[in-house]
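Notes for the one structure printed next.
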2 protein chains.
Amino acid sequence: MVGVGSQGKPPTVKEVARHAGVSPMTVSRTLAGGANVRPDLQERVLAAVHELGYRRNENARILRPGQASGLIGVAITNLGNPYYGNFALGVEEVAAETGRRIVLGNTGGDPARERQLVADFLGRQVEGLVLVPAGGPSDHLQPGRLGDVPLVLASRRIYGLDVDVVLLDDVGGAYRGTLALLDAGHTRIGYLGYVSSAFTGARRYEGYVRALEERGLHPDPALVFREQEDAAGGAIRRLLDLDEPPTAIFSANNRNSIDALREIGRRLRSGATPQEMPALVSFDDFELAELMPVPVTIVDHDPRQLGREAARLLLSRLGADARQRGPARMVEMPVRVAPAVPSA
Amino acid sequence: MVGVGSQGKPPTVKEVARHAGVSPMTVSRTLAGGANVRPDLQERVLAAVHELGYRRNENARILRPGQASGLIGVAITNLGNPYYGNFALGVEEVAAETGRRIVLGNTGGDPARERQLVADFLGRQVEGLVLVPAGGPSDHLQPGRLGDVPLVLASRRIYGLDVDVVLLDDVGGAYRGTLALLDAGHTRIGYLGYVSSAFTGARRYEGYVRALEERGLHPDPALVFREQEDAAGGAIRRLLDLDEPPTAIFSANNRNSIDALREIGRRLRSGATPQEMPALVSFDDFELAELMPVPVTIVDHDPRQLGREAARLLLSRLGADARQRGPARMVEMPVRVAPAVPSA
DNA sequence: CTGTTAGCGCCTTCAC
DNA sequence: GTGAAGGCGCTAACAG
């Protein structure tokens, strides 16, 4: 019951067997569920297990052919971002439901790091991979390079790579968000987006344009800033400083939204009135949006569900006997467009 | 160069050896760095590796005695919370610097789940464990139950468990935050805290009381709500509805802060004036605090650094030959107390 | 410098 | 219902 303490190596089946006066096989069978083992022997085995503090060595078990590792490799771009944190949580939850664990790596958006992580994951015999692609070259993900370990991409897809993908309804969300502004009477609507999120950025911009055009409008190049490197402060200032500033802004992600609101707050403190400030639509939720000094509409979604769905797609490829083949699937998770309101 | 594609099992050292016309050991040695292998043989081996798409089976490697798994088991309470997401990121980063990976499990604060995760981690031969304790019984963490796998606790400690711990300077942060309110002339200062975070809660409350008493004040039971189960809305309302409501509130975590601000926002929309609303000190940062309708002071800290420090403590216990023994260490990470100001 | 042998801990296969 | 043999993929230890 006390276990071995800190001395020596952990006990093995053999030692448990000796302790219980049976053969290693009886121990193994007992631990596997006890089919075809006499109850009294099982008891002796379990007692010995308890006594010695025995713990099965999973790595040795996995070594045998046909044994799955129970590991899912997950590589994401930024764990510190709540969006990806929740995504990872979703993957972990679904994996855990089948007794699997995730091995997690943070790429920081670096393709080289992604390549390295994938190689390591494969070496550890992961059963599958979930990736938020870092961008850049993707030859390490091409068919065959992964053996037959299934891969699911999330948030972005990689053109030319025919694998399962889970995305947000970027186009629809941006379309409906922009439409909400148009319906409120706005016609000069600025656009803010990151350059780094090329894939989602293009999709969200597409939704923005589609909504405008449906109302006979066209994107005004002077109002569109799609190239934010990092902080969007500069773009916001330029937008607000125009002779005829936009009366509303569509922001393609919450980082840009927060930057915009910071600048708006700054101007309000300097004497500007809320009426002079643009309304905002933010793709991505953020906390306390309802307390903002200008009306904010949120294109809301649930990254955790995105993670859960990614994991589900992956698990469906881990069929019992043979690798589940079938055409690559693309799932678009729904988004909700609504004015920020007190939530509690 | 193409690799094996999807057919059959992945190649082994033996096949690479045959392909290169050498023995398995020459392959192994080459892959281990190539010491004592003729360059031309190395080339042939590497060519064969490339040709066959060979990848070393880490699990088989780890099976040999003396080989480390390169895995760190990490169990946290809520990956979806940016605080823990950043904590996990910090651990991952430092682990990655030494070529290690993290196996991640989310406990959701459930001790049973924690126990299960720890057992699984140990079965996978992790080199060490980093835990944000879920609370509850901790017999599965007692000396000996972990073999001699080192353990580091973060955020909370477990009484009676003599292991390395990384904490925030909870007491100091709460003390200084409360002092800031006192210095601003407040004397009726409410307190809001979760019941679930018993450990940090007690420490932060201690800091709050210490500051009050230093000024000859005593905590007023009518103003102290330490028992929030989940949302703190009810406590806030009761505080604000007092005949003589507090002029300031110390909130022990950002969830409570946000709940408080939601309620304050609600009252402002109903016609209350900002002057009637309390000032706020929030332990834990949150975004756009400077845009809030009441002055907010932040007790700020960096969970990522907390994670990095936890990982460093752990790595220092993974000494080359013998397990690094030594007294358990406790590290308190500094916090910063400052009024919320525009950050960009 | 290179190869052979042996065995890590476990479990499938086959005998009893 | 139980045990003995053998091998998964890899690499120390020991020849040569």
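Each chain gets a letter, A, B and so on, in the order the sequences are listed, and its residues count up from 1.
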Starting at the 5' end of DNA chain C and moving along, which residue's nearest nucleotide shows up first, A:K14 or A:R56? A:K14
Touch check for A:R64, heavy atoms < 4.0 angstrom, all strands: base, sugar-phosphate only, or nothing? base
Run the salt-bridge test on B:E15 and B:R18 with the 4.0 Å N-O cut-off and return the result as yes or no. no
Rounded to whole angstrom units, what separation is found between the CG atom of B:N36 and the C1' atom of D:dA12? 14 Å
At their closest point, which heavy atom of B:G105 faces which heavy atom of B:F121, and how far apart are they? N-CZ, 3.9 Å
Flag, side chain of A:N59 to backbone of B:N59, donor-acceptor distance under 3.5 Å: no
Expected output: side-chain A:E114 to main-chain A:A134 donor-acceptor under 3.5 Å: yes
Reckon A:I62 touches a base, only the sugar-phosphate, or nothing at all at heavy-atom distances under 4.0 Å? nothing
Extract, from 5' to 3' on DNA chain C, the first and final nucleotides lying under 4.0 angstrom from some heavy atom of chain A. C:dG9 to C:dT12
To the nearest angstrom, how far is A:L122 atom CG from D:dG9 atom P? 16 Å
Could you verify whether a donor N or O on one side chain and an acceptor N or O on the other, from B:S316 and B:R329, lie under 3.5 Å apart? yes
Check every strand shown and say whether A:N57 touches a base, only sugar-phosphate, or nothing at a heavy-atom separation below 4.0 Å. sugar-phosphate
5'-most contact on DNA chain C: B:V22 or A:L31, nearest heavy atom basis? B:V22
Tell me which residues in residues 65-73 of chain B lie within less than 4.0 Å of DNA chain C, going by non-hydrogen atoms. B:P65
List, with names and distances, any nitrogen or oxygen atoms from the protein found under 3.5 Å away from nitrogen or oxygen atoms belonging to nucleotides 13-16 of chain D.
none

Salt bridge (charged side-chain N to carboxylate O under 4.0 Å, His left out): pairs with one or both residues in residues 28-45 of chain A, sequence neighbours excluded: A:R38-A:D40
To the nearest Å, how far apart are B:K9 NZ and D:dG9 P? 7 Å
Given atom CG of B:N59 and atom C1' of D:dC10, what is their separation to the nearest angstrom? 11 Å
Angle, rounded to 10°, between the helical axes spanning five pairs at each terminus of the helix from C:dC1-D:dG16 to C:dC16-D:dG1? 40°
Salt-bridge criterion met for A:E309 and A:R312 (N-O under 4.0 Å): yes
Where the side chain of A:R157 meets the backbone of A:V163, is there a donor-acceptor pair that is under 3.5 Å apart? no
In this structure, how many angstroms lie between the C1' atom of D:dG9 and the OH atom of B:Y54, rounded? 7 Å
Pair B:R101 + B:E127: basic N to acidic O under 4.0 Å: no
D:dG3 OP1/OP2 closer than 4.0 Å to side-chain N/O of A:T26: yes
Rounding to 0.5 Å, atoms OG1 (A:T77) and CZ (A:F87) come to a distance of 9.5 Å
Result for side chain to side chain contact (heavy atoms under 4.5 Å, CB included) between A:V152 and one of A:I72, A:L315, A:V331, A:L314 points to A:L314
Please tell me if B:T12 has a side-chain N or O lying less than 4.0 Å from either OP1 or OP2 of D:dG9. no
5'-most contact on DNA chain D: A:P24 or A:A35, nearest heavy atom basis? A:A35
Nearest heavy-atom contact between A:V49 and A:V16 is CG2-CG1, 3.8 Å
Pick from B:L141, B:L117, B:I76: which one makes a side chain to side chain contact (heavy atoms under 4.5 Å, CB included) with B:L131? B:L141
Please list all pairs meeting salt bridge (charged side-chain N to carboxylate O under 4.0 Å, His left out) that have one or both residues in residues 79-92 of chain B, counting only residues at least two apart or in different chains. A:R113-B:E92
